[in-house]
Amino acid sequence: FLSTSPIPAGKGPKIKFKEESKDFGRVKQGETLTHVFVFKNEGDETLKIKSVRTSCGCTAALASNDEIAPGKSGEVKVSFDTRGYMQKTAKYIYVESNDLSQSTTTLTLTADIEVPPMPKINLSAYSIDLGLILENEEILAKAKVENKGELELEASFIHKEASFYWKGKKISSPLKVASGKAEEIEIIIPAPKRTGLVREYIQIRSNDPLRPTLSLSLSGYIVTYKQVEELFAKLKKRG
């Protein structure tokens, strides 16, 4: 029979961290936070650190030898770049060892990240289905650009052939959107010289530091006049 008795205290390697979490409190966005987690081998055999992994946006590395003798200590140094993060944020570090009673130890970093006033861009849609498009006709689409931030938003629209209009006027400089407001733009792309599936991408660049570049996709299906006539004929028969 297999024994299910617990491993006696002190037998084998045993990892013990001085602390398993660190709360930095309120910090300003853009700061890089660092902390050293100290651990000790409280067992009676050599402790081996197999790996140190982290969640996204955080880096960690063993700052000591990967083999720790009984009674000796080691360190895990952690760094977290707060750029792009806001409000209460938690990051996790996973330390794997040969401690049979606790093969993985989870360490936690937390911070309440203060975000300075900034413009925040948002699109009413990031992909637009234009449906059927007649051959030799321009591609027409409309999209709304919203500013959910506290400062004025400036947005530029980029496409190799498209023209962009706001309130009937061609946009020749960055479109300015006041805080809490939304502006509708009209997109006109010259008629493609082909039929079938078409997909175009509009690049939008703005002064939103968190989302400086966005992409708006337009898709549709270009048909000939003959195809349209055939389609209507089929529908008429069904009716």
Working note: Glu19 + Phe37, criterion side chain to side chain contact (heavy atoms under 4.5 Å, CB included); need CA distance, chi angles, decisive distance, verdict. CA-CA 7 Å; Glu19 57 182 351; Phe37 288 98; 4.1 Å; yes
Set out, in order, the CA-CA distance, both residues' side-chain angles and the distance that settles side chain to side chain contact (heavy atoms under 4.5 Å, CB included) for His159 and Ile187, then state yes or no. CA-CA 10 Å; His159 184 278; Ile187 304 165; over 6 Å; no
So, taking the atom named CD in Gln102 and the one named CZ in Phe17, what distance separates them when rounded to the nearest 0.5 Å? 8.5 Å
Counting the benzene-type ring for Trp, do Phe80 and Phe24 have ring centres under 6.0 Å apart? no
Can you confirm whether more than 12 heavy atoms, excluding those of Glu161, are under 6.0 Å from its CD atom? yes
Salt-bridge present (Lys120, Asp208; N to O < 4.0 Å): no
His35 and Leu33, any side-chain heavy atoms less than 4.5 Å apart: no
Sorted by first residue and then second, give each side-chain hydrogen bond (donor to acceptor under 3.5 Å, both in side chains) pair with at least one member in residues 49-61; sequence neighbours left out. Ser51-Glu96, Arg53-Glu96
Hydrophobic clusters here meaning ILVMFWY residues chained together by side-chain heavy-atom distances under 4.5 Å, can you tell me if Leu123 and Leu175 are in one? yes
Co-membership, hydrophobic cluster, residues Trp166 and Leu214, 4.5 Å side-chain: yes
Which residues satisfy the ring pair (Phe, Tyr, Trp, His ring centres under 6.0 Å) test with Phe157, sequence neighbours excluded? Phe164
Are Ile158 and Ile128 connected in a single hydrophobic cluster, I mean Ile/Leu/Val/Met/Phe/Trp/Tyr linked by side-chain heavy atoms less than 4.5 Å apart? no
Nearest heavy-atom contact between Leu140 and Leu130 is O-CD2, 3.5 Å
